[in-house]
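For reference, positions follow the sequence shown, starting with 1.
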Amino acid sequence: MMFGSLLGTYLELYFTGKGWYAFPIRPLPEIFTINILFTLAGLPILTAAFLWLCKKLNPFQTILLILISSTTMAAAEPIAETLGLLTHHPNWHHTNTLIGYTLYLTLIRLLWK
């Protein structure tokens, strides 16, 4: 969980720093450019749930879980944008999120055995 949270936090810092996306509504916006509520609470809880599920699944099911989770995150982005929680650079594509979460979850799974 710790590695996943740190990796997620650094990725958020990188992408917000590059201007690929921003979090207009976030805790302590005068201090943090990222949504620390997500990186300090949401990401560890989701990572723990993901790893717990992976422990119960066979490799094929784990691959399906990664793909379904990544697709869900990419599908949730337009909803977050509509709610004003997230904005993207005009050149951003939601397939970037699909690929990014697929790589992120795969790496987390490969490092935790």
Look at the side chain of Y104 and the backbone N and O of G4, then say whether any donor-acceptor pair between them is shorter than 3.5 Å.
-> yes
E12 and T39 side chains, donor-acceptor separation under 3.5 Å | no
Heavy-atom nearest pair, N58 first then Q61, reads OD1-N, 2.8 Å
From CD1 (I108) to CG (L46), nearest 0.5 Å | 12.0 Å
d(T71 OG1, I66 CD1) to nearest 0.5 Å is 11.5 Å
Co-membership, hydrophobic cluster, residues I68 and F50, 4.5 Å side-chain | no
Would you say S70's side chain and T102's backbone share a donor-acceptor pair under 3.5 angstrom?
-> yes
Check which hydrophobic residues are tied to L40 through side-chain heavy-atom contacts below 4.5 Å, counting indirect links as well, and list them.
-> M2, L6, Y10, L13, L28, I31, F32, I34, I36
Here the pair of heavy atoms bringing A41 nearest to P44 is O-CD, 3.3 Å
In terms of heavy-atom contacts, L11 and Y21 come closest through O-OH, 4.2 Å
Same cluster or not: are L110 and I99 linked, directly or through other Ile, Leu, Val, Met, Phe, Trp or Tyr residues, by side-chain heavy atoms under 4.5 angstrom apart?
-> no
Is there side-chain contact between L86 and E77, with at least one heavy-atom pair below 4.5 Å?
-> yes
Grab the two heavy atoms, one from T33 and one from T16, that are nearest each other, plus how far apart they are.
-> OG1-OG1, 3.5 Å
Determine the interplanar angle of the W20 and H89 rings, folded into 0 to 90°, and report it as parallel if under 30°, tilted if 30 to 60°, perpendicular if over 60°.
-> tilted
Dump the intermediate steps for side chain to side chain contact (heavy atoms under 4.5 Å, CB included) on T62 and R109, then the final yes or no.
-> CA-CA 9 Å; T62 300; R109 178 62 186 114; 4.0 Å; yes
Would you say the ring centroid of H88 lies under 6.0 angstrom from that of H94?
-> yes
Indicate yes or no: at least one non-hydrogen side-chain atom of T97 is less than 4.5 angstrom from one of W92.
-> yes
Is M73 reachable from Y14 through a run of I, L, V, M, F, W or Y residues, each pair having side-chain heavy atoms under 4.5 Å apart?
-> yes
Would you indicate whether the side-chain heavy atoms of W112 and K55 approach each other to under 4.5 Å?
-> yes
Assess whether side chain to side chain contact (heavy atoms under 4.5 Å, CB included) is satisfied between F23 and L85, documenting all intermediate values.
-> CA-CA 6 Å; F23 302 95; L85 302 173; over 6 Å; no
F3 and L107, any side-chain heavy atoms less than 4.5 Å apart | yes
Under 3.5 Å: donor-acceptor pair, side chain of H93, backbone of T95 = no
How long is the span from the CG atom in L98 to the CG atom in L67, to the nearest 0.5 Å?
-> 7.5 Å
Closest non-hydrogen atom pair between S69 and L105, with its separation | CB-CD1, 3.7 Å
Are L103 and I63 grouped together when hydrophobic residues (ILVMFWY) are joined by side-chain heavy atoms under 4.5 angstrom apart?
-> no
